[in-house]
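Below you'll find the structure, written out as structure tokens, and then a few comments.
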Amino acid sequence: MTMKMGFYPGCSLKGSSREFNESLCAVMDKLGVELEEVPDWNCCGATAAHNLNHALSLSLPARILALAEGAGMQEIAVPCSACYSRLVMTRHELQENEALKAEIADIIEMDLALNAVPINVIQALDRALEGASLESLVVAPLAYKVACYYGCLMVRPPKVLRFDQPEDPMTMDRMMERVGAEPIDWAFKVECCGAGFSVSRTDLVAKLCKPIVTDAVKRGAEALIVACPMCQSNLDMRRCAIKGMSEAEAHIPVLYITQAIGLALGIDRKDLGLQRHLVKVALPRRAVVGA
Amino acid sequence: MARIGVFVCHCGENISATVDCAKVAETMSGVPGVVHSVDYKYMCSDPGQTMIRDAIKEKNLTGVVVAACSPRMHEPTFRRACADAGLNPYLCEMANVREHCSWVHEKSEATTEKATDLVRVMVEKVRRNEPLFPIKVPVTKTALVLGGGVAGIQAALDIANAGHTVIMVEREPSIGGHMAQLSETFPTLDCSQCILTPRMVEVAQHPNITLHTYSELESVEGFIGNFNVKIRKKARHIDETLCTGCGLCALKCPQKKIPSEFDAGVGTRTAIYVPFPQAVPNKPVIDTDNCLYFQKGKCRVCEKVCPTKAIRYDQEDTIIEADVGAIVAATGFEVKGCDFFPEYGFGKYPDVITGLQFERLASASGPTLGEIRRPSDGTIAETVVFISCAGSRDPAKGIEYCSKICCMYLAKHAMLYKHKVHHGKAYVFYMDIRAGGKMYEEFVRRAIEEDHVSYIRGRVSRIYEEDGKLVVKGADTLLGGRPIDVRADLVVLGTAVVAGEGAEELAQKLHISYDPYFFFAEAHPKLRPVETNTAGIFLAGACQAPRDIPETVSQASGAAAKVVGLFSQSELSREPVIAVVHRTAPPLFSKCVGCFLCESACPYRAIEREEIKDRQGRVLKVVAKVNPGLCQGCGTCVALCRVKAIDLQGFTNEQVFAELVAL
Ligand SMILES: Cc1cc2nc3c(=O)[nH]c(=O)nc-3n(C[C@H](O)[C@H](O)[C@H](O)COP(=O)(O)OP(=O)(O)OC[C@H]3O[C@@H](n4cnc5c(N)ncnc54)[C@H](O)[C@@H]3O)c2cc1C
Ligand code: SF4
Ligand code: SF4
Ligand code: SF4
């Protein structure tokens with residue numbers, strides 16, 4: 001039986017982070033979930049809009065929420081952390097302010113009940129796994145030490161998101177344990193990766209990414225696990241700009257959580273888009289850690 | 001015919017801003033029986049009260065209604081004014097047009113109408129009021145002090161020295177509370193135990209004080225002057241009369257690795273133990289959860305080594321009953337755990353400790369004999385970071401209030417550390433320094449200027465371990481938000497002060513109110529800070545709010561003064577709002593049919609049986625009788641009595657019906 005789930009890919013999943021999309025769809029398919037894209041979706045307005053024009057920054061996500069409602073979706077899986085943040089924050093702000101909600105509904109010329117709830121990729125996976133045991137689906141345990149990197153937007157601001165412990169989140173770690181990996185205890189899981197400075201200030205991004213990569217490697221991680229296209233591309237792409245890296249630091253791969261789970265579920269590397277990464281994903285074959 | 005006076009108060013603008021007071025007074029003057037109706041800016045002021053007194057005399061009033069604030073606020077004031085003018089005080093009633101009306105409604109016709117209705121209701125009640133007279137009850141001149149911290153100790157000694165008897169109940173095996181755990185105390189740096197232990201001994205030896213340690217309050221009944229309490233004395237598993245406190249049992253007990261509560265977990269103790277060498281009483285208890293004999297049925301070493309044969313494995317809890325006239329709650333506080341901000345790694349890294357743990361490290365009698373050694377490897381800490389507001393002033397994750405003592409004790413810690421490790425580095429991360437108190441600001445300045453403690457204004461975002469050091473990531477917000485990483489050996493968290501464990505349950509047992517954080521509530525934040533809303537129960541120390549020793553001791557003496565004041569009266573007057581059983585002339589004697597349904601219903605066991613006899617002494621009838629000392633006027637019996645033979649003085653069925661009909 002297939003279950004249907006609303007889905008907002010956003011621009012990165014259609015472009016620079018195609019592998020996030022591919023791996024998410026592959027895993028969801030394996031779990032019997034059909035992702036249903038929000039019809040006629042638009043840009044969420046991340047980075048640019050919310051700095052420039054408040055009404056626009058609310059209208060863009062509001063239109064997505066309204067479209068999802070119109071399509072009868074109760075929940076929308078939003079894998080990109082930036083999109084997720086925009087959609088949740090917008091919904092929250094409009095829920096708190098009736099007048100503003102009316103104003104925005106007027107701008108987008110659509111009904112806005114705000115009853116479609118955006119969920120992040122972890123929550124979407126949890127939903128897909130309801131009643132099933134992830135452990136029992138694993139065919140190739142992911143026998144590596146991994147560093148789960150949450151970035152800033154997935155858990156913040158805590159007052160609105162109410163998801164996990166904002167300064168020491170653990171949900172990804174637990175999910176990685178369930179597919180046989182050994183998450184390390186480290187200090188940089190919510191440190192900033194440089195996010196939107198990805199293109200404009202590569203020097204800053206390199207400076208911010210360096211301690212993240214260094215600490216992960218130092219504590220024995222063999223892969224970084226992320227859930228956000230921005231985090232992934234900064235950590236994956238800016239390795240060359242970081243000066244004074246060891247061999248191990250230069251080569252630690254950055255996997256989307258969906259790719260990591262996909263590997264454990266026995267999905268083909270190509271279907272997970274692993275070949276698209278800049279830092280080659282070359283994980284040695286190995287039996288379960290500690291077993 | 002009733003002659004009632006109505007006095008409508010503006011309460012400055014509190015009432016008049018939304019209620020048309022003049023109109024209320026005018027409307028009421030048209031009600032039959034109302035012979036005088038006026039409004040005035042401040043009825044409770046001297047001129048206001050004089051208006052009432054004069055009107056009573058001039059117009060020969062038989063009843064007074066004051067439309068003003070809550071009777072909780074000023075009923076005694078106005079009743080006294082009436083009494084001064086010769087009117088029985090119970091013929092004066094208040095209509096609450098402030099809390100129940102002006103404060104909760106907008107200015108409108110309807111608001112004024114509602115106020116008028118509230119007054120009309122009271123006029124109908126007063127029309128039916130009877131003169132009543134206060135009930136006199138005796139006072140038991142013994143005080144119960146709950147908690148043997150410095151607050152309880154001070155209160156108990158003050159009361160006992162005034163010549164009254166005191167029963168002190170302490171939950172732990174020894175008295176002393178948190179102060180006994182402290183090393184030295186701000187702002188004078190005098191040794192905490194040196195100033196406290198003599199007072200602990202004084203409590204134990206005072207002829208007027210009975211001390212029950214390892215005990216808890218089981219139940220309370222009664223009322224001011226006449227409480228009856230039950231105290232559960234938990235089994236220590238030793239015979240206290242035989243034990244000499246020699247300590248052999250603890251020396252030989254094989255269970256040695258139990259984290260010591262007294263050392264806040266940085267030291268260990270045995271299963272049979274005295275919490276600390278200066279404990280009062282110096283008699284051990286067996287911690288049955290960790291005793292080999294209680295858990296596995298084997299051992300009994302302590303029994304073998306005890307020279308006086310004092311060990312009693314089969315001892316059980318006992319319940320002690322006592323009559324007391326007043327209760328002082330002095331149950332103190334606790335420091336909050338740190339699991340709600342995992343980014344500081346408390347519990348994960350052994351060298352991240354609480355302020356209380358630092359006190360034990362710094363204490364000459366502590367597990368390191370006063371040397372600042374890291375719990376992880378026992379080395380002397382060369383760099384120590386102190387973090388203030390760890391959990392306090394943080395509505396997002398922690399608690400909203402300021403814990404008040406941590407700024408000061410962290411300055412003290414940094415100073416003590418620098419005195420012990422001269423070349424060491426001490427940093428304090430702070431939001432702002434709260435050093436309001438005599439000699440407090442000077443104390444903090446001394447830490448900064450003379451002991452060279454580095455104060456950095458900024459929050460710490462994370463602590464993690466790297467190569468055996470703790471990396472403390474913070475920011476210096478005075479230097480333009482510059483990020484700062486300090487590599488420390490030891491981190492001390494100024495954790496939040498929270499209400500003690502079981503505070504809520506105790507408050508409910510005592511019928512006293514508490515705030516949202518379970519600190520006990522004072523009757524008035526400014527004017528009645530040591531009283532509770534339950535007469536005869538007083539507060540002392542940190543059970544009411546976070547506070548330091550000077551404040552705790554002053555409040556404890558304040559509470560003691562209240563108790564001594566209460567005990568200076570030979571009897572107390574109580575409000576005559578109690579139930580009475582109908583009595584009439586023979587041959588009926590009473591409407592009461594003697595079913596005694598009320599007897600079983602009364603929660604205060606106030607219903608007694610009265611035999612009505614003829615001249616020869618033959619019993620003609622048995623009817624209910626209310627013990628005026630015990631009755632709390634709850635009215636349960638009134639609701640239950642099927643022949644309506646029982647009624648509540650001051651709130652009779654007739655009065656209440658009349659109020660409803662008037663609406
Ligand atoms: C780390 C730290 C350092 C400090 N340093 C200083 C300092 O340098 N100078 C200063 O002025 N202040 C200092 N203080 C504050 C000081 O400890 C308090 O002001 C003081 O202990 C308050 O006394 P108390 O009696 O109200 O409470 P407590 O000391 O907490 O005593 C309460 C007592 O009641 C008992 N109890 C609790 N519940 C019950 C119950 N239900 N039944 C019976 N008994 C019960 C407890 O076991 C305890 O013995 C410091 C506090 C901390 C945490
Ligand atoms: S019987 Fe219990 S308390 Fe006594 S010595 Fe043995 S373990 Fe310790
Ligand atoms: S006393 Fe100081 S450290 Fe403690 S909560 Fe208040 S401001 Fe923070
Ligand atoms: S009013 Fe009645 S039930 Fe209530 S305390 Fe008095 S006698 Fe008991």
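Order of the sequence lines fixes the chain letters, A, B, ..., with proteins taken first and strands second; residue numbering starts at 1 for each chain.
Scanning both residues, A/Asp168 and B/Lys348, for their nearest heavy atoms gives OD2-NZ, 4.4 Å. B/Pro342 and A/Gln165 get closest at one heavy-atom pair: CG-NE2, 3.7 Å.
Enclosure of atom CD in B/Glu505 is not indicated, since only 12 or fewer non-hydrogen atoms of other residues, nucleotides or ligands lie within 6.0 angstrom. Enclosure of atom NZ in A/Lys207 is not indicated, since only 12 or fewer non-hydrogen atoms of other residues, nucleotides or ligands lie within 6.0 angstrom. Residue B/Lys420 places its NZ atom among more than 12 non-hydrogen atoms of other residues, nucleotides or ligands, all under 6.0 Å distant. Heavy atoms from other residues, nucleotides or ligands lying under 6.0 Å from CD of B/Glu501 number 12 at most.
For residues 146-154 of chain A, an interface with chain B (any heavy-atom pair closer than 4.5 Å) does not exist. Residues of residues 210-219 of chain A that come closer than 4.5 Å to chain B, counting heavy atoms only, are A/Asp215, A/Lys218, A/Arg219, ordered by residue number.
If you take CG on A/Asp185 and OH on B/Tyr349, they are separated by 5.0 Å, rounding to the nearest 0.5 Å.
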